[in-house]
2 protein chains.
Amino acid sequence: MADVFRALADETRRALLDVLLRRDEQTLFELCTRLAMDHGLTPSRQAVSQHLDVLESAGLVHTERRGRYKLHTIDTSPLAQITERWPPTSRKATP
Amino acid sequence: MADVFRALADETRRALLDVLLRRDEQTLFELCTRLAMDHGLTPSRQAVSQHLDVLESAGLVHTERRGRYKLHTIDTSPLAQITERWPPTSRKATP
DNA sequence: ACCTTAGGCAAGTGAATGCTTGCCTGTCAA
DNA sequence: TTGACAGGCAAGCATTCACTTGCCTAAGGT
């Protein structure tokens, strides 16, 4: 579970999740392009690849080889554990 | 919002949230003790104090001075933004 | 066959960060 | 007033981590 938090700690990786939420099954180069277009982030291809490895280790992204393409798919289910671990506090006011 | 993820990235800080979830309004020394007892973590008082600062900056912990004591209270509301940003994926199977 | 394209591997670098150390401030009780 | 207790401040150290650089593998098209 620590891997999930470590993965979410980086802004580029959070942006990658945003990009993948719009459309699944994107390749590394597609993700690089959309990071730049939609989020103004321009890390190198290798940097993005390493980020995707971290996300995959955390179970937040699944991959599938198809020919020479590697398609990335988001999986938000590990995030549910967060609000399960620290449920919404019933407090007098958080208005 | 980046502060929230940064705060959650550390295991000691996550353990602090666990401790605070069991009981609110604890002092720095109480938190140190419970970290050791319940989680096997024995960082120094100063280390815990710095962690609490990070948690407070993220809005996950609120504090109140009472005499020479500083009481810490958990606030889980920032965590709701996580599942709002990446909602549960309606996928073929996450069973 | 050849070249392009999509991706991977690994070492090295610089910055962020968790933690320690030492000292200081303020509050309460005897 | 003095001493003990709860906490704060700031510099220094060591590790982690994001990113680059350079080279390599493999699949697809012409």
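Only heavy atoms go into these numbers, but all of them, side chains included; no hydrogens, no water, no symmetry mates. Below, chains carry the letters A, B, ... as their sequence lines are ordered, and counting in each starts from 1.
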Donor-acceptor contacts under 3.5 Å from residues 31-41 of chain A side chains, at least two apart:
unit_1: T33(A); atom_1: OG1; unit_2: F29(A); atom_2: O; d: 2.9
unit_1: R34(A); atom_1: NE; unit_2: Q26(A); atom_2: OE1; d: 3.1

Atom pair [atom1]/[atom2] of [X] and [Y] - distance to nearest 0.5 Å:
X	Y	atom1	atom2	result
E84(A)	T83(B)	CD	OG1	10.5 Å
L52(A)	T63(A)	CG	OG1	9.0 Å
E25(B)	R23(B)	CD	CZ	9.5 Å
L55(A)	L60(A)	CG	CG	6.0 Å

**Closest contact, heavy atoms only, A47(A) versus P43(A)** = CB-CB, 3.9 Å

**Heavy-atom pair of closest approach, residues P78(B) and V4(B)** = CB-CG2, 3.9 Å

**Message:** Counting only heavy atoms and a strict 4.0 angstrom limit, can you tell me which residues of residues 34-42 of chain A come near DNA chain D?
**Reply:** none

**Complete:** In numerical order, the residues of residues 46-62 of chain A whose heavy atoms come under 4.0 Å of DNA chain D are Q46(A), A47(A), Q50(A), H51(A)

Please list every donor-acceptor pair under 3.5 Å in which a side-chain atom of residues 6-22 of chain A meets a protein atom from a residue at least two apart or in another chain.
unit_1: D10(A); atom_1: OD2; unit_2: T12(A); atom_2: N; d: 2.9
unit_1: D10(A); atom_1: OD2; unit_2: R13(A); atom_2: N; d: 3.2
unit_1: R13(A); atom_1: NE; unit_2: A7(A); atom_2: O; d: 2.7
unit_1: R13(A); atom_1: NH1; unit_2: H51(A); atom_2: ND1; d: 3.1
unit_1: R13(A); atom_1: NH2; unit_2: R6(A); atom_2: O; d: 3.1
unit_1: R14(A); atom_1: NH1; unit_2: L8(A); atom_2: O; d: 2.7
unit_1: R14(A); atom_1: NH1; unit_2: A9(A); atom_2: O; d: 3.3
unit_1: D18(A); atom_1: OD1; unit_2: R85(B); atom_2: NE; d: 3.2
unit_1: D18(A); atom_1: OD1; unit_2: W86(B); atom_2: NE1; d: 2.9
unit_1: D18(A); atom_1: OD2; unit_2: R85(B); atom_2: NE; d: 3.4
unit_1: D18(A); atom_1: OD2; unit_2: R85(B); atom_2: NH2; d: 2.7

**Asked** End-to-end bend of the helix from dA1(C)-dT30(D) to dA30(C)-dT1(D) (five-pair axes, 10° rounding)?
**Response** 20°

**Request:** May I have all residue pairs that pass salt bridge (Lys or Arg N to Asp or Glu O under 4.0 Å) and include part of residues 44-64 of chain B, sequence neighbours excluded?
**Result:** E64(B)-R66(B)

Atom-pair distance ([atom1] on [X]; [atom2] on [N]), nearest Å:
X	N	atom1	atom2	value
L31(B)	dA6(D)	CG	P	13 Å
E30(B)	dC5(D)	CD	C1'	14 Å
F5(A)	dC17(D)	CZ	P	15 Å
E64(B)	dG7(D)	CD	P	13 Å

**Item:** Residues clustered with Y69(B), ILVMFWY side-chain links under 4.5 angstrom
**Value:** L71(B)

**Request:** Linking directly or through intermediates, with side-chain heavy atoms under 4.5 Å: list the remaining ILVMFWY members grouped with V54(B), chain and number order.
**Result:** none

**Asked** Between which nucleotides of DNA chain C, 5' to 3', does chain A make heavy-atom contacts below 4.0 Å?
**Response** dT5(C) to dC9(C)

**Prompt:** With the sugar-phosphate defined as primed atoms, P, OP1 and OP2, and the base as all remaining atoms, what B/S/- string results for nucleotides 24-30 of chain D, 5' to 3', for protein heavy atoms under 4.0 Å?
**Reply:** ---BS--

**Request:** With sequence neighbours left out, write down each residue that passes side chain to side chain donor-acceptor pair (under 3.5 Å) with H62(A), or none if nothing qualifies.
**Result:** D75(A)

